[in-house]
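So the structure is just underneath, and the comments pick up after that.
Reminder, nothing fancy here: chain letters follow the sequence lines and each chain counts from 1.
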Amino acid sequence: MTSLKSDFLQILTEREFIHQVTDLEGLDAKMATAEKEGALSAYIGFDCTGTSLHVGSLVQIMMLRWLQKCGHKPIVLLGGGTTRIGDPSGKDESRRLLTDDDIAQNMQGIRTIFDQFLTFGEGPTDAALVNNAEWLDKLEYIDFLREIGTHFTINRMLTFDSVKLRLDREQPLTFLEFNYMILQAYDFMELGKRYDCRLQMGGSDQWGNIVNGMELGRRAAGLSLFGLTTPLITTADGKKMGKTADGAVWLNEDSLPAYNYWQFWRNTQDADVGKFLRLFTELPLDEICRLDALEGSEINEAKIILANEATKMCRGETAAADAYATAKETFERGGAGSDLPTVEIPEAQLAEGLNIVDLFLDASLGASKGDVRRLIKQGGAKINDQKVESAELVVGKKDLADGQIKLSAGKKRHAIIKIS
RNA sequence: GGAGGGGUGGCCGAGCGGUUAAAGGCACCAGACUGUAAAUCUGGCCUCGUAUGAGUACACAGGUUCGAAUCCUGUCCCCUCCA
């Protein structure tokens with residue numbers, strides 16, 4: 001592999017962040033100069049379709065973080081404007097339109113995530129958070145068409161995957177959605193003009209959109225722009241990363257408690273440990289190399305480090321430490337750590353006695369009564385680490401140990417019952 | 001506009017009058033083995049009931065029949081071919 005002159009691209013390459021780059025040498029030269037003489041600005045756009053982002057966006061966020069570390073300026077572009085349209089890329093049907101209130105609320109949630117990963121401010125390498133509604137909402141239709149629309153041919157737009165997918169399947173693609181790519185291209189140009197932003201990064205599905213933006217920037221504003229995409233991150237068994245059966249792995253504490261976030265990383269399969277350490281932690285590569293080489297049960301050490309590092313970055317030092325302590329207490333000593341999900345029930349109710357099945361349901365350790373009964377029948381239900389033998393069991397105050405009751409469903413799911 | 005095919009459980013997909021809560025696969029849950037891996041094996045996987053059982057369910061609404069996912073009628077949606 002050729003060695004790169006810029007720290008940023010060197011790191012990204014070594015850690016396997018890069019899928020495609022429009023002009024690697026050109027960009028490398030530019031970044032290398034910028035690293036000596038002043039920051040280069042680069043941006044990644046994020047949709048505001050939910051109140052949080054999930055692990056799928058973490059690769060992009062990590063790139064922005066590295067960018068900042070290497071002395072450049074990361075720009076987080078929130079799609080306050082474009083989310084009003086909805087990106088058709090990779091979707092075979094239209095999404096329902098979000099209301100402006102939804103979008104505003106989603107932006108609020110997403111913003112807090114970036115505060116964890118980046119340093120914002122006014123300085124040359126401080127991150128900036130920009131909302132594309134700032135310029136998109138103000139567009140005048142005819143002016144826009146004359147200024148921007150002339151640079152796009154329908155012939156070319158029809159060749160884009162996002163469009164082709166719909167047309168091939170005879171799924172409707174509305175004119176509204178058809179415009180998405182133009183607006184994203186316009187974003188890039190606008191950021192180039194306003195913030196001297198030269199590089200757009202994104203997932204591999206954004207390649208087309210990014211290239212469009214570069215071309216528009218060149219034609220309409222004479223800017224020389226660059227694009228870079230990351231590969232789609234999959235797990236060793238070929239699944240899209242970050243989607244578990246219970247749903248997405250969210251980055252916001254409100255959507256997913258730190259303990260669960262930690263557990264997600266801790267449960268990484270062996271084959272993915274090295275890859276994840278490279279992408280989602282900032283440990284030095286030789287350290288990662290050492291950890292990745294661990295075999296047998298020793299690799300668990302690497303998984304713990306992965307979980308600690310990833311959680312620290314996303315949720316902060318304390319949250320990571322608590323999650324780790326709880327995991328240690330629960331799994332290594334068979335106790336009950338304080339970070340486990342806790343449910344409070346009134347003292348009177350417990351004094352009367354509660355059926356074990358209902359208790360499990362209250363603690364969200366089962367989907368239905370039948371589900372909990374099955375669990376008990378198969379020997380997966382435990383109360384204070386004692387196997388529950390019968391679904392008839394009535395739980396009362398006598399079961400309190402240290403003022404709480406520990407329930408377990410299988411080896412990994414635990415909950416604490418406390419008196420309110 | 002014309003002709004044909006189809007809509008089944010989280011997904012894929014069999015069934016085409018009774019033995020069908022519905023084969024098989026995937027996903028998921030538990031157990032065993034382990035390392036809170038992976039792979040494998042075992043059991044489970046609509047709801048309620050300890051259970052014999054009951055209630056819902058095969059796009060939707062009606063009908064035929066002792067009995068319907070299976071037959072008929074209407075409605076909605078999808079696909080393929082022709083114009």
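Within 4.0 Å (heavy atoms only), A:S390 reaches no atom of the nucleic acid at all. Using a 4.0 Å heavy-atom distance criterion, A:G296 is classed as a base contact. Within the 4.0 angstrom heavy-atom criterion, base atoms lie near A:R266.
Figure legend. B:rU80 is base-paired to B:rA3; pairs are counted as Watson-Crick or G-U wobble with both atom distances under 3.5 Å. For B:rG49, there is no paired nucleotide, since no Watson-Crick or G-U wobble pair has both relevant distances below 3.5 Å. In this structure, B:rU36 makes no Watson-Crick or G-U wobble pair, since no nucleotide meets both defining distances under 3.5 angstrom.
In this structure, A:W262 has its ring center closer than 6.0 angstrom to the ring center of A:Y324. You'll find the ring centres of A:Y261 and A:W250 outside the 6.0 Å limit.
Computed from coordinates, the A:D272 CG to B:rU36 P distance equals 18 Å when rounded to whole Å. Distance, A:E298 CD to B:rU36 P: 13 Å, rounded to whole Å. Between the P atom of B:rA30 and the CZ atom of A:R373 lies a distance of 19 Å, rounded to the nearest Å. Rounded to an integer number of Å, the gap from A:D270 CG to B:rA38 P is 8 Å. The CD1 atom of A:I299 sits 10 Å away from the C1' atom of B:rG35 (whole-angstrom rounding). As rounded to whole Å, 13 Å separates atom C1' of B:rC45 from atom CG of A:L375. The NZ atom of A:K412 sits 11 Å away from the C1' atom of B:rA38 (whole-angstrom rounding).
If you check the side chains of A:D28 and A:S6, you find a donor sitting under 3.5 Å from an acceptor.
The side chain of A:Q378 lies closest to B:rG43 when the candidates are B:rU47, B:rG43, B:rU50.
A salt bridge does not link A:K303 with A:E298: none of the charged nitrogens is closer than 4.0 Å to a carboxylate oxygen.
Of the residues near RNA chain B, A:G410 and A:W262, the one whose nearest nucleotide (by heavy atom distance) lies more toward the 5' end is A:G410.
For B:rU36, its base never sits under 3.5 Å from the side chain of A:E332 at any donor and acceptor pair. Not a single donor-acceptor pair, N or O on each side, falls under 3.5 Å between the base of B:rU50 and the side chain of A:K377.
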